[in-house]
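Along the sequence shown, residues are numbered consecutively beginning with 1. If you're wondering where the values come from, they're calculated on a predicted model, not measured in any experiment. The figures here come from the full heavy-atom set of this structure, side chains too, leaving out hydrogens, waters and symmetry mates.
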Amino acid sequence: RLSAEEPQPFLSWLARITPHLEQDALWTEAVAAYAADRNFSRLPHPGLAREVPIFLCPAEPRRSGTTDEGVTAGFTHYLGVTGSPAAFHNGMLYLNSRVSSADVRDGLSNTLLAGERPPSPDNHFGWWYAGIGQDADGSADYVMAIRERNRTFRAPTCRKMPPYSFVPGSPDDQCSMFHFWSPHSGGAHFAYVDGSVHFVRYSADPLLAALATRAGGETVVLPD
């Protein structure tokens, strides 16, 4: 959030891990930009519009876009999993999270870290560099719950209740921004806390809420 104590407000987890991805120049650039101006949506923040291949799925053609307000942003197709439901923050990545591997009592190979979801058709959600999200928490920009709700004024025609499930989406459907999905047939890729990546089919949706929590005590076996 934007506070006097936060040197890089709204900077995403993706931007924060760039030094660990041999992208030190991106991190140095971001730190310098925030030191000059803490508003990420304008110059001198060149990282906002930059396309970073490691955060993009080759099967998704939308790599950057411009909003109706004239802001151009580079996209990410991989959102961190906050847990399920969104308000509980019982997953791995969310606003001000300080989760360590010791906190993952369900097992590193049994807990979701991030998953695929293309950007919204209006280009307002899915920014890799930074983003306010639905409620000043980055939600639907670079993090999202497995059972996410519509909490934004930008999608008035999409349902508010109940939360969305893991189902196929469409690049032209604004409501698809509220759930994980991918352009791949039958499902989407998810990264687990142990570093493995698995293709998860939409038929596994009833199990994903349990996989999204780090210490729910569930035993989950995904179908082949």
Side-chain angles (χ1 to χ4, degrees), residues 1-67 69-82 89 91-104 108 112-120 122-144 177 189-197 214:
R1 294 180 187 271
L2 184 60
S3 68
E5 296 76 24
E6 174 54 63
Q8 293 103 26
F10 304 118
L11 189 66
S12 77
W13 66 273
L14 296 152
R16 295 179 190 277
I17 67 171
T18 50
H20 306 285
L21 302 174
E22 300 182 347
Q23 301 288 331
D24 299 75
L26 291 177
W27 175 248
T28 300
E29 180 184 79
V31 171
Y34 268 102
D37 190 339
R38 295 169 74 241
N39 185 339
F40 68 85
S41 65
R42 61 193 182 196
L43 293 176
H45 283 270
L48 181 63
R50 182 166 285 116
E51 298 176 3
V52 182
I54 197 171
F55 298 143
L56 297 167
C57 173
E60 170 55 60
R62 291 177 294 159
R63 304 171 69 86
S64 63
T66 303
T67 70
E69 297 160 350
V71 177
T72 299
F75 293 140
T76 180
H77 304 144
Y78 308 116
L79 276 64
V81 177
T82 63
H89 288 171
M92 296 301 299
L93 295 169
Y94 49 87
L95 180 68
N96 298 326
S97 62
R98 297 290 188 272
V99 179
S100 71
S101 57
D103 299 318
V104 188
L108 305 186
L112 299 176
L113 178 66
E116 288 188 271
R117 196 230 53 194
S120 63
D122 65 359
N123 300 325
H124 274 285
F125 294 89
W127 300 2
W128 83 269
Y129 179 74
I132 294 175
Q134 292 200 75
D135 192 25
D137 58 359
S139 63
D141 259 325
Y142 42 81
V143 295
M144 191 163 65
M177 65 174 272
H189 292 95
F190 283 85
Y192 287 67
V193 181
D194 68 350
S196 63
V197 176
R214 63 181 180 269

- Separation between CD (Gln134) and CE (Met177), nearest 0.5 Å, reads 5.0 Å

- Check whether any side-chain N or O of Asp137 sits under 3.5 Å from a backbone N or O of Ser139 as a donor-acceptor pair, and report yes or no. yes

- Roughly how far, to the nearest 0.5 Å, is the CG atom of Asp103 from the CE atom of Met92? 7.5 Å

- So does Glu69 have more than 12 non-hydrogen atoms from other groups sitting under 6.0 Å from CD? yes

- Message: How long is the straight-line distance from CD of Glu116 back to OG1 of Thr76, given to the nearest 0.5 Å?
- Response: 10.0 Å

- May I ask you to decide if Val99's main-chain N or O and Ser97's side chain share a donor-acceptor pair within less than 3.5 Å? no

- Item | Pairwise distance CH2(Trp127) to CG(Leu14) - rounded to 0.5 angstrom | 14.5 Å

- Sorted by first residue and then second, give each side-chain hydrogen bond (donor to acceptor under 3.5 Å, both in side chains) pair with at least one member in residues 48-64; sequence neighbours left out. Glu29-Arg50, Glu51-Arg63, Glu51-Ser64, Glu60-Arg62

- Item | For the student: nearest non-hydrogen atoms of Val52 and Leu56, plus distance | O-CG, 3.5 Å

- Item | Side-chain donor/acceptor of His77 to backbone N/O of Ala59, under 3.5 Å | no

- Message: Any side-chain to backbone donor/acceptor pair from Trp27 onto His20? Under 3.5 Å, distance only.
- Response: no

- State, to 0.1 Å, how close Leu79 and Met144 come at their nearest heavy-atom pair, and which atoms those are. CD2-CB, 3.9 Å

- Message: Check the orientation of Tyr94 and His89. Use parallel for under 30°, tilted for 30 to 60°, and perpendicular for over 60°.
- Response: parallel

- Kindly say whether Phe125 contributes a backbone atom to a donor-acceptor pair with the side chain of Ser120 at under 3.5 angstrom? yes

- Message: To the nearest 0.5 Å, what is the distance between OG1 on Thr18 and OH on Tyr129?
- Response: 9.5 Å

- Kindly compute the distance separating CG (Leu26) from CD1 (Ile17), expressed to the nearest 0.5 Å. 11.0 Å

- Task: Anything under 30° is parallel, anything over 60° is perpendicular, the rest tilted; go ahead and classify Phe10 against Phe40.
- Result: perpendicular

